[in-house]
Amino acid sequence: MERFSWECRTKVCFGEGCVKEQLEPLIRGIAPEGSIMIGYGGGSVKKNGAYDDVMSVLETMGYSTDRAEDRRIIEFGGIMSNPTLAKMREGAALARDNNVGLIIAIGGGSVMDCCKAVSAQARYEADAWEDFWMKGRPMTHDIVPCGCVVTMPATGSEVNGCAVLTNEETRIKCDRDYPQMNPVFALMDPRYTLTMPVRQLRAGTFDILSHIMETYFSLPLYGNPADDVSEGLMRGLIRDFRAALSDPQDIRARSNIMWTASLAENRIIKTGKSKDFQAHNMEHQLSAYTDCNHGEGLAVLHPVYYRHIYKDGLPKFAAWARNVWGITDAEALRSESFAEEGMSDEELLAIAGIEELSELIREAGLPSSLRELGFGEEEKKLLPEIAQSCFISEGAFRPVSADEILEIYEECW
Ligand code: NZQ
Ligand code: ZN
């Protein structure tokens, strides 16, 4: 195992009614000075009850949108999916001008990421994007605390220090994980997720699976506690995904998915691992150029990427086929259409596992090609430039080159 230190500074309260019960004591514990800012997206939070629940707690505590000075509620709405650097800067200026002492993000990953980045920029004199996202400098300044009320399980942003922003001018989408940016609290009421459109349920759940796979498919290859946990999480997530797709109102499945999103990204399954995330790097740049949906982009890329690299991590891919997909009889696979002459048992198992993943993507109604993702001839012309702009992961079984990324994109067409 690699050396590691592990921490997760976020206090999580999970379950029905947690906002009404826990938000007030949490705010009292933080004792913020000045105003409280609430961040949200395009309006879904006003339909699923999350916004009303937060506002009613704040109003009981004496906060209001019309107060002139102290204890004001500052609204920062309209945070878009794939949040931009410009939107983050707008929020940081609003927080600074209104003496904001606490930010509450209400929404999915985009809202949480944008608010976490605002919390890092608001009291920072220089350019946070340049210093932290681009240069990765240590974060030592005092940041505005940020708490999350989650309405969409996907990114796990509620329990880590990661925030992903898109610089629209340079067309760079970049993530950074600073422990200082871990939310001070995460309130997770699964009922809020019931209003999610099925498209977001599919995309968000695939993103969770992607986070686990990107971590699992990295060194070391031998069995270890983090990967044992990952295998269990993947089996459970696939079960709950199928249950939620067949009955989107299945609150048990929705609750399980919500907590799995956090378990996948609270860094516990990353302990002692090298971490690949090349599929994420390739998706982030597709998104930077086209604003495509994150989980859907990952669904297109994963099987193709894995067909490129499985031989470099063969024992892990074979273990995945056995322990996650339940495929054990390699001999029986020799008659399958994907079997090629001379393939070893481990290769057959690995390929069969990747086939199962493709099948799940089709079954769930996720896109399997860039065309299904909405790409046309204009986007196709951009692929060489997008491939050149991707970050290359150092934690993968084998680093891919920009040329190979282009091949992967073309095979995804
Ligand atoms: O904007 P609103 O109206 O809130 O609608 C949102 C949005 O349209 C809607 N939604 C959320 N909760 C809902 C709901 N609609 C109805 N009912 C609800 N309960 O869903 C849409 C998508 O929301 P968004 O927050 O964009 O999705 P997601 O959570 O997938 O976040 C995507 C962003 O997170 C980044 C992605 O790159 C992308 O920018 N990521 C962040 C990570 C992190 N912080 O650790 C890691 C990830 O790998 C990822 O890169
Ligand atoms: Zn992701």
Heavy-atom closest pair, residues D276 and S393: O-OG, 2.5 Å
Spacing of CD1 belonging to I212 relative to CH2 belonging to W320, to within rounding of 0.5 Å: 12.0 Å
When you measure from the side chain of Q285 to the backbone N and O of K173, does any donor-acceptor pair fall under 3.5 Å? yes
Do the rings of H141 and F132 sit parallel, tilted or perpendicular, given the 30° and 60° boundaries? parallel
Tell me, with the steps shown, if R191 and T151 meet side-chain hydrogen bond (donor to acceptor under 3.5 Å, both in side chains). CA-CA 8 Å; R191 285 177 315 170; T151 67; over 6 Å; no
Once rounded to the nearest 0.5 Å, what's the spacing between atom CG of L58 and atom CD1 of I38? 6.5 Å
Quick one: do D113 and R176 make a salt bridge, cutoff under 4.0 Å? no
Nearest heavy-atom approach of K87 to G78 is CE-O, 3.5 Å
So, do Y192 and V150 sit near enough that their side-chain heavy atoms are less than 4.5 Å apart? no
Expected output: side-chain S35 to main-chain I73 donor-acceptor under 3.5 Å: no
Just one of V300, T290, L301 clears the side chain to side chain contact (heavy atoms under 4.5 Å, CB included) bar with L370, so which one? V300
Assess, by modelled atom type and distance only, whether the side chains of K20 and S56 contain a donor and an acceptor separated by less than 3.5 Å. no
How far apart are the C-alpha atoms of Q121 and V118, what are their side-chain angles, what is the distance that settles it, and do they pass the side chain to side chain contact (heavy atoms under 4.5 Å, CB included) test? CA-CA 5 Å; Q121 176 69 82; V118 166; 5.9 Å; no
Assign the ring pair W133 / W129 to parallel, tilted or perpendicular, where the plane angle (0 to 90°) is split at 30° and 60°. parallel
Report yes or no: does S230 contribute a side-chain atom to a donor-acceptor pair with the main-chain N or O of A226 at less than 3.5 Å? yes
Go through it in stages, so that I can follow the logic: the residues are R322 and I327, the test is side chain to side chain contact (heavy atoms under 4.5 Å, CB included), and I'd like the CA-CA distance, side-chain angles, deciding distance and then a yes or no. CA-CA 5 Å; R322 280 190 219 98; I327 312 167; over 6 Å; no
T10 side chain to N182 backbone, donor-acceptor under 3.5 Å: no
Going through the distances and angles, do H294 and S287 end up as a side-chain hydrogen bond (donor to acceptor under 3.5 Å, both in side chains)? CA-CA 7 Å; H294 177 60; S287 160; over 6 Å; no
For I361 and P367 the tightest heavy-atom approach is CG2-O, 3.6 Å
Between E356 (side chain only) and V324 (backbone N and O only), is there a donor and an acceptor less than 3.5 Å apart? no
Flag for K275-T215: side-chain donor and acceptor within less than 3.5 Å: no
Between E7 and R267, is the closest basic N to carboxylate O distance under 4.0 Å? no
Whether the side chain of N98 engages the backbone of L94 through a donor-acceptor N/O pair (distance < 3.5 Å, no angle test) should be reported. yes
All heavy atoms of P248 vs all of V198, minimum pair found to be CG-CG2, 4.4 Å
Criterion salt bridge (charged side-chain N to carboxylate O under 4.0 Å, His left out) on D127 and R89, from CA distance to verdict: CA-CA 9 Å; D127 183 351; R89 286 178 174 154; 3.1 Å; yes
Check for a donor-acceptor pair, side chain of E372 on one end and backbone N or O of S368 on the other, with a separation under 3.5 Å. yes
Evaluate ring-ring contact (aromatic ring centres under 6.0 Å, His included) for F217 paired with Y306, printing each intermediate quantity in order. CA-CA 9 Å; F217 291 120; Y306 284 160; 4.9 Å; yes
A264 versus I208, closest heavy-atom pair with distance: CB-CG2, 4.2 Å
Could you tell me the separation between the CD atom of E331 and the OG atom of S335, rounded to the nearest 0.5 Å? 9.5 Å
Mark yes or no for whether R137, through its side chain, and D131, through its backbone, hold a donor-acceptor pair below 3.5 Å. no
Which distance, rounded to the nearest 0.5 Å, do you find between the CG of N82 and the CD of E168? 10.0 Å
Okay, side chain of Y124, backbone of I143: is any donor-acceptor separation there less than 3.5 Å? no
Other residues, nucleotides and ligands only: do more than 12 of their heavy atoms fall within 6.0 Å of CZ on R252? no
Is the closest side-chain heavy-atom distance between F241 and L209 below 4.5 Å? no
Tell me whether R307 is salt-bridged to E355, with the criterion being a basic N under 4.0 Å from an acidic carboxylate O. yes
Strictly by modelled atom types, are E379 and Y289 linked by a side-chain donor-acceptor pair under 3.5 Å? no
Within 6.0 Å of CD in E394, more than 12 heavy atoms from elsewhere: no
Spacing of OG belonging to S262 relative to NE2 belonging to H211, to within rounding of 0.5 Å: 11.5 Å
Chi angles and distances behind the side-chain hydrogen bond (donor to acceptor under 3.5 Å, both in side chains) call for E75, Y51: CA-CA 11 Å; E75 299 212 34; Y51 176 89; 2.9 Å; yes
SB check R334 E341 (cutoff 4.0 Å): no
Any heavy-atom pair between the side chains of P190 and F14 that's under 4.5 Å? yes
Without hydrogens or angle criteria, can the side chains of E347 and S344 be said to hold a donor-acceptor pair below 3.5 Å? yes
Closest approach of A50 to V149 (non-hydrogen atoms, all atoms of both residues): CB-CG1, 4.3 Å
Do the numbers put K380 on top of the ring of F375, so that NZ or CZ is under 6.0 Å from the six-membered ring centre and no more than 45° off the axis? no
4.5 Å side-chain heavy-atom contact, N167 and T84: no
Where do T155 and E265 land on the side-chain hydrogen bond (donor to acceptor under 3.5 Å, both in side chains) test, with the steps shown first? CA-CA 7 Å; T155 61; E265 275 297 317; over 6 Å; no
So E296 and R202, salt bridge (charged side-chain N to carboxylate O under 4.0 Å, His left out) or not? Walk me through it. CA-CA 8 Å; E296 291 179 349; R202 292 174 181 141; over 6 Å; no
Say you draw a straight line from OG of S389 to CD1 of I172; how long is it, rounded to the nearest 0.5 Å? 5.5 Å
For N256 and R239, run side chain to side chain contact (heavy atoms under 4.5 Å, CB included): C-alpha distance rounded to whole Å, both residues' side-chain angles, the deciding distance at 0.1 Å, then the answer. CA-CA 10 Å; N256 288 350; R239 173 198 65 212; 3.9 Å; yes
Taking the side chain as every heavy atom from C-beta outward, state whether L201 and R254 have any atom pair closer than 4.5 Å. yes
Donor-acceptor check, side chain of D189 to backbone of G17, threshold 3.5 angstrom: yes or no? yes
K273 with D227: basic N within carboxylate O range, under 4.0 Å: yes
Side chain to side chain contact (heavy atoms under 4.5 Å, CB included) evaluation trace for F397 with L221: CA-CA 9 Å; F397 288 137; L221 284 172; 3.5 Å; yes
